[in-house]
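Working notes for the structure below.
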Number of protein chains: 2
Amino acid sequence: MASSIHDLARHLNISIGTVSRALNGRADVNADTRQRVLDAAAKLNYSPNQSGRSLRRGATHSIAFMLQPHPGDQQYGEPFFIPFLTGLQAKLAESGLDLIVVMGAPGDYQQERLRRVVETRRADAVVLAWTRREDERIDYLTRVGFPFATLGRSRSGGKSYPSLDLDFEKAGAEAVDRLVARGHRRIAAIRPSLNLNFGYLFLAGYRKALRRHGIEVDPGLIADGFINEAGGYGVTPQVMRSKDPPTAIIFNNDAMALGGCKALAEMGIKPGHDIAVIVIVDTPLCRYFSPALTGFRPPLEPMGRRLAEMLLASIPAFAGPEGARIIREVWPLELIARDSD
Amino acid sequence: MASSIHDLARHLNISIGTVSRALNGRADVNADTRQRVLDAAAKLNYSPNQSGRSLRRGATHSIAFMLQPHPGDQQYGEPFFIPFLTGLQAKLAESGLDLIVVMGAPGDYQQERLRRVVETRRADAVVLAWTRREDERIDYLTRVGFPFATLGRSRSGGKSYPSLDLDFEKAGAEAVDRLVARGHRRIAAIRPSLNLNFGYLFLAGYRKALRRHGIEVDPGLIADGFINEAGGYGVTPQVMRSKDPPTAIIFNNDAMALGGCKALAEMGIKPGHDIAVIVIVDTPLCRYFSPALTGFRPPLEPMGRRLAEMLLASIPAFAGPEGARIIREVWPLELIARDSD
DNA sequence: CGTTTTTCCGTAAACGTTTACGAGAACACA
DNA sequence: TGTGTTCTCGTAAACGTTTACGGAAAAACG
């Protein structure tokens with residue numbers, strides 16, 4: 001059924017060594033025989049057995065991305081990742097690498113699955129997302145010396161790995177600036193629980209900007225919830241029930257904003273009219289919601305491509321002649337003004 | 001760095017054969033030595049090299065799911081799949097199988113990536129989604145005899161593979177019934193372009209129900225668009241500009257409904273008030289939208305688990321003593337009545 | 001005690017690659 | 001003609017497993 005290198009060799013009456021060399025484009029093979037091998041490979045529909053190749057090479061030539069459903073009800077998570085993965089996969093494919101996405105079980109935060117990928121040597125490197133402020137996955141990977149890169153920063157692991165992040169701190173501050181310029185003084189911030197780093201960064205920017213404007217930070221206007229619709233829905237009434245309610249809310253996430261707007265609607269409060277709403281991470285949902293939500297758009301597909309480059313550059317085996325180097329980048333978020341603030 | 005079976009053997013002063021047999025739980029190994037091997041494995045942090053194992057066994061013990069971004073602008077696609085994959089992965093893990101998700105490039109409809117997975121023997125079977133009415137992927141897989149299962153039906157490939165689908169036809173009819181019972185006669189249907197089978201099935205149910213109620217099917221009330229927000233946004237005005245506009249719209253998809261509602265809002269038409277809206281595939285988006293959209297909820301996580309079972313049952317190597325059998329199921333969709341109709 | 005059976009383990013081949021090594025042939029050069 | 005170089009290819013080992021086979025030791029049985 002599946003043709004191997006032996007089949008080719010037998011078919012052409014040459015040795016398997018020569019076939020392999022021809023296929024791999026090595027110099028010490030006659031141009032004529034190489035062509036015959038290539039032709040035969042096409043004819044017999046040969047393609048190399050990954051297991052055999054990986055075993056011999058000691059490398060799988062594939063990169064794993066850990067996709068993690070979050071705990072909470074109804075996990076419809078992360079449309080966010082699709083364009084990122086598209087970019088990642090496109091760039092990896094250019095270097096002949098495969099991208100595989102590994103699903104974790106909800107809740108265990110990937111530790112078990114990550115160990116499995118690393119220990120069974122299923123991939124040569126891994127890409128992590130949803131970085132936390134202190135991230136045990138990063139600790140683990142640095143400890144065992146497994147190559148990886150992260151979408152998002154963390155305090156764990158020092159500067160030993162490539163990372164690409166968005167400037168949530170600046171976005172948080174910019175959102176506050178914008179709202180203050182429009183006359184708001186009571187501004188709420190709603191972010192995901194779990195100590196996801198982007199929630200932390202966002203809040204840092206929010207706080208800093210408020211102080212800069214001479215506005216006291218009111219803990220009653222800051223709330224955490226699950227990073228989904230239910231979370232936003234559940235937590236928004238909390239801040240609205242403050243004795244001096246906010247006139248504006250910044251949501252960290254589109255799903256939380258959707259849930260929050262639902263809660264507001266049920267309280268008879270109209271976003272964009274009775275209250276200003278800004279979303280930090282914009283998605284098509286924000287654009288097509290009514291009112292269209294002002295937000296900061298992440299260039300996800302380019303980010304995927306870039307992180308692939310950065311990861312490859314950090315691995316000696318894949319880095320070009322200039323040698324391995326660790327690159328860390330923080331990209332700006334661009335505000336898309338719409339109708340909700 | 002990575003310890004192999006040879007390391008264990010050397011460490012314990014026994015042969016690698018015995019180590020392997022002990023690890024794999026074979027009968028012909030002394031209980032005492034087995035325990036010693038297990039202890040040593042834990043101590044040396046041994047875990048088997050996947051490539052070596054796959055090469056020898058001729059099986060990878062992993063299942064691939066093809067995740068495909070659709071063509072169109074901004075691909076944020078498919079929160080839909082996360083809970084499905086969660087269920088799939090959970091069930092596969094129970095049998096010691098790994099789930100890997102393979103990303104395709106947008107546009108090529110997976111053919112290239114699929115071939116790659118199959119030919120390099122990266123997985124023992126594959127799970128397909130977004131089945132089309134005539135599906136070249138299914139033709140290909142049946143032709144080469146590679147095991148697979150599909151989420152969704154297709155006319156391709158006969159009954160040679162397990163499939164699990166939702167009863168979109170019945171849902172389409174039920175939506176029409178419900179709207180007619182509420183006095184509607186002009187009912188539009190908006191579904192994805194591409195010949196995705198669920199769009200076809202939905203429309204079949206819609207047509208049948210209309211006829212049953214003695215309502216003529218008006219082609220001007222049926223429209224296709226990209227299966228995302230932009231698609232719904234673009235196509236909804238078309239049906240509304242009909243000389244006898246609809247009083248109700250059934251959307252095939254939540255993202256299309258979101259875009260459609262945006263278009264309606266811009267025309268000054270309020271869903272749930274001026275026009276009835278029903279969504280066939282419900283997601284949290286529908287629940288938290290204002291007005292909350294009536295829709296049919298798919299039990300995604302159980303579907304993932306079930307399809308895993310069905311796939312395993314169809315593969316001789318994995319099927320139990322009762323032998324391989326092909327199971328095909330169509331599950332009902334449950335209507336969740338909300339405020340939009 | 002002799003024979004048979006059982007228990008346990010070592011040996012070695014095999015899975016499909018890649019690659020270091022060496023050798024034969026052709027060629028160049030003196 | 002002798003020596004050295006270049007081209008091209010075959011041989012065989014290696015990657016980490018699993019497993020068929022056989023054999024030694026122990027146990028069972030008469």
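Values below: all heavy atoms of this structure, side chains included; hydrogens, waters and symmetry mates excluded. Model, not experiment: these values are computed from the prediction. Every chain is numbered from 1 and lettered A, B, ... according to where its sequence line falls, protein lines coming before strand lines.
If you measure from atom CZ of Arg121(A) to atom C1' of dC15(D), you get 12 Å, rounded to the nearest angstrom. Atom CD1 in Ile5(A) sits about 11 Å away from atom P in dT19(C), given to the nearest Å. Across the protein-nucleic acid pair, Leu23(A) atom CG and dC9(D) atom C1' stand 16 Å apart, rounded to whole Å. What separates CZ of Arg10(A) from C1' of dG10(D) is a distance of 17 Å, to the nearest Å. We find that CG of Asp7(A) is positioned 10 Å from C1' of dG16(C), with the value rounded to whole Å. We find that CG of Asn24(B) is positioned 10 Å from P of dT17(D), with the value rounded to whole Å. A straight line from CD of Gln35(A) to C1' of dT8(D) spans 17 Å, rounded to a whole angstrom. When the P atom of dG16(D) is taken as reference, atom NE2 of His6(B) falls 8 Å away, rounded to whole Å.
Between the OG atom in Ser163(A) and the CG atom in Leu128(A) there is a gap of 11.5 Å [rounded to 0.5 Å]. From Leu12(A), atom CG reaches atom CG of Leu44(A) across 8.0 Å, with rounding to the nearest 0.5 Å.
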Could you list the donor-acceptor pairs under 3.5 angstrom formed by side chains in residues 50-58 of chain B, with sequence neighbours left out?
residue: Gln50(B); atom: OE1; partner: Ser54(B); partner atom: OG; Å: 3.4
residue: Ser54(B); atom: OG; partner: Gln50(B); partner atom: O; Å: 2.8

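Counting atom types as modelled, Arg56(B) pairs a side-chain N or O with a base atom of dT18(D) as donor and acceptor under 3.5 Å.
The aromatic rings of Phe65(A) and Phe84(A) lie tilted to each other, with the angle between the two planes from 30° to 60°.
For the pair Ile14(B) and Val37(B), the minimum side-chain heavy-atom distance is below 4.5 Å.
Using a cut-off of 4.0 Å between Lys/Arg side-chain N and Asp/Glu carboxylate O, Asp39(A) and Arg36(A) are scored as not salt-bridged. Salt bridge Lys91(A)/Glu94(A): present, at least one basic N to carboxylate O contact under 4.0 Å. Using a cutoff of 4.0 Å between basic side-chain nitrogens and carboxylate oxygens, Arg328(A) and Asp165(A) are not scored as salt-bridged. The pair Glu309(B)-Arg305(B) fails the salt-bridge criterion, with no side-chain N (NZ, NE, NH1 or NH2) lying under 4.0 Å from an Asp/Glu carboxylate O.
Within residues 48-55 of chain B, the residues having any heavy atom closer than 4.0 Å to DNA chain D are, in order of number, Pro48(B), Asn49(B), Gly52(B), Arg53(B).
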(request) Report, as a single string ordered 5' to 3', how protein heavy atoms within less than 4.0 Å touch nucleotides 4-11 of chain C: B base, S sugar-phosphate only, - not at all. (result) ----SBBB
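Counting any heavy atom pair closer than 4.0 Å across all strands shown, Ser4(A) reaches sugar-phosphate atoms only and no base atom.
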